[in-house]
Enquirer: 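Take a look at the following structure, please.
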Protein chains: 2
Amino acid sequence: MPDITLLIVDDHPVVRDGLRGMFSAAGGFEVLGEAADGRQAVALAEELRPDVVLMDLRMPGGDGVEAITEISRRGLPCRVLVLTTYDTDTDTIPAIEAGATGYLLKDAPRDDLFDAVRAAAQGRSVLSPAIASRLVSRVREPRSGNLSTRELEVLRLVARGTGNREIARELFISEATVKTHLTHIYAKLDVSDRAAAVATAYDRHLLP
Amino acid sequence: MPDITLLIVDDHPVVRDGLRGMFSAAGGFEVLGEAADGRQAVALAEELRPDVVLMDLRMPGGDGVEAITEISRRGLPCRVLVLTTYDTDTDTIPAIEAGATGYLLKDAPRDDLFDAVRAAAQGRSVLSPAIASRLVSRVREPRSGNLSTRELEVLRLVARGTGNREIARELFISEATVKTHLTHIYAKLDVSDRAAAVATAYDRHLLP
DNA sequence: CCTGCCATCGGCCGATCGGTTGATGGGGGG
DNA sequence: CCCCCCATCAACCGATCGGCCGATGGCAGG
């Protein structure tokens with residue numbers, strides 16, 4: 001069986017070194033290259049054609065999720081294994097929706113990492129336990145925290161102290177509509193005023 | 001000049017490997033050990049007596065800031081160089097107050113890291129530019145985010161959607177007083193309503 | 001001693017918010 | 001085809017909020 005070829009994508013040189021060292025020492029893997037942001041990642045994935053891309057999500061200059069989307073869109077024959085720091089990221093689910101094959105945390109033991117890469121190379125999904133349970137809760141309770149696009153726009157303005165009238169002006173809708181959206185937001189977040197809605201939104205990572 | 005001895009503290013094996021590899025390859029450094037959380041860090045710092053401790057802040061089981069505090073309290077002869085992922089951490093300032101000699105981000109270039117460790121070993125401070133500017137703004141504007149205890153209590157209840165009347169009841173004060181506190185909160189946070197106050201409080205990490 | 005900050009309280013008023021009910025139209029899924 | 005969700009709008013009303021005036025007492029620092 002030939003070596004599994006890898007592309008490492010992370011904005012931290014330290015992490016790239018660590019990964020490269022681990023996979024070089026392990027045997028059975030070959031690191032083809034490294035990228036420090038999403039744009040480089042897409043370009044190198046296209047050029048080097050690795051079996052697996054190890055991808056961090058939070059990076060300056062080219063978001064990880066966008067990179068995954070782009071790799072999927074171009075039909076590149078590589079699997080993307082997301083390797084991130086926190087399991088509280090807002091974009092765990094978006095990353096998987098965008099086409100990531102697996103998702104695990106950087107504090108995973110070495111052997112788990114190797115296993116995950118081998119699994120990803122074969123197209124099998126490996127998810128860290130925390131992510132897995134999040135996924136199931138997501139399908140079990142789809143309306144939790146599920147605000148519509150418009151409702152999120154309203155909420156963002158509310159969080160900046162904007163009054164209903166001005167929200168209406170900014171979004172080119174009537175004040176009545178703003179109030180309707182707000183009522184829906186309160187119902188979905190299970191709160192009864194704007195302040196609590198903002199707090200809950202932060203808790204659920206619906207706001208930056 | 002003898003090698004600078006190091007203790008690496010990070011909960012991620014990947015990062016520990018990366019750092020160990022970098023410093024071993026660079027020459028002039030010797031990695032004495034690794035710790036995965038704050039408690040181990042303190043114990044190993046006492047046992048191994050490294051010149052410099054490379055310390056991550058966010059770790060499960062033993063906070064980084066606590067570890068720094070403990071190392072300072074015990075008068076251990078090592079310098080602590082904080083090496084963290086984001087410059088938006090709440091505890092950048094606490095870490096420095098706790099006794100960290102330097103503070104830089106993991107995405108710093110290798111040579112900056114080496115320079116920082118050499119500087120730390122001599123007791124000189126190296127701060128990443130973002131942190132440095134934060135420090136100066138901290139001393140220039142000390143009343144920003146400086147809510148009184150009572151005001152914080154009020155704000156916490158506001159964030160849970162509590163109305164003024166009920167806040168009054170919960171805190172055993174009159175509604176008028178609640179409104180006074182709120183007016184002061186608005187002034188201090190530079191906002192004009194409770195929703196924006198909650199949002200700003202989250203931004204500045206005044207609320208969990 | 002005076003100044004500043006914190007915490008407490010009262011009253012007044014206009015503006016705003018939140019709740020409700022009801023209606024329209026478009027789009028996607030069964 | 002029907003139903004549900006989204007997005008839009010209207011009118012009404014009571015409750016609440018925020019702004020502004022004022023006041024008192026305590027406590028720390030210069």
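Just so you know, these numbers use all the heavy atoms, side chains as well, and skip hydrogens, waters and symmetry mates. Every chain is numbered from 1, with letters handed out A, B, ... down the list of sequences.
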Enquirer: Tell me if a side-chain donor or acceptor on B/Gln40 pairs with a main-chain N or O of B/Ala36 at a distance below 3.5 Å.
Expert: yes
Enquirer: Using heavy atoms to find the nearest nucleotide of DNA chain C for B/Asp193 and B/Ile173 separately, return the residue whose nucleotide is more 5′.
Expert: B/Ile173
Enquirer: Send over the distance from B/Arg150 CZ to D/dG26 P, rounded to a whole Å.
Expert: 17 Å
Enquirer: Could you check which residues of residues 176-186 of chain A get a heavy atom under 4.0 Å from DNA chain D? Sort them by number, please.
Expert: A/Ala176, A/Thr177, A/Lys179, A/Thr180, A/His181
Enquirer: Provide, to the nearest angstrom, the distance between the CZ atom belonging to B/Arg194 and the C1' atom belonging to C/dG18.
Expert: 13 Å
Enquirer: Counting heavy atoms from C-beta on, name the nucleotide in D/dA7, C/dC17, C/dG19 closest to the side chain of A/Ser192.
Expert: C/dG19
Enquirer: Would you indicate, yes or no, if D/dC6 has its OP1 or OP2 atom less than 4.0 angstrom from a side-chain nitrogen or oxygen of A/Lys188?
Expert: yes
Enquirer: Quick check: closest heavy atoms across A/Leu44 and A/Glu34, and the distance to 0.1 Å?
Expert: CD1-O, 3.2 Å
Enquirer: Would you check if B/Leu83 and B/Leu19 make a side-chain contact, meaning some heavy-atom pair closer than 4.5 Å?
Expert: yes
Enquirer: Quick one: are B/Leu32 and B/Leu7 in side-chain contact, heavy atoms under 4.5 Å?
Expert: no
Enquirer: In whole angstroms, how far is the P atom of D/dT16 from the CD atom of B/Glu175?
Expert: 8 Å
Enquirer: Give me the residues of residues 155-171 of chain A where at least one heavy atom lies under 4.0 Å from an atom of DNA chain C, by number, or none.
Expert: A/Gly163, A/Asn164, A/Arg165
Enquirer: Check whether any side-chain heavy atom of B/Val117 lies under 4.5 Å from a side-chain heavy atom of B/Leu6, and answer yes or no.
Expert: yes
Enquirer: Using a 4.5 Å cut-off on heavy atoms from C-beta on, say whether the side chain of B/Thr177 contacts that of B/Arg150.
Expert: no
Enquirer: Would you call the rings of A/Tyr202 and B/Tyr202 parallel, tilted or perpendicular, where under 30° means parallel and over 60° means perpendicular?
Expert: parallel
Enquirer: Does B/Asn164 have any side chain to side chain donor-acceptor pair (under 3.5 Å) partners at least two apart in sequence or in another chain, and if so, which?
Expert: B/Arg194
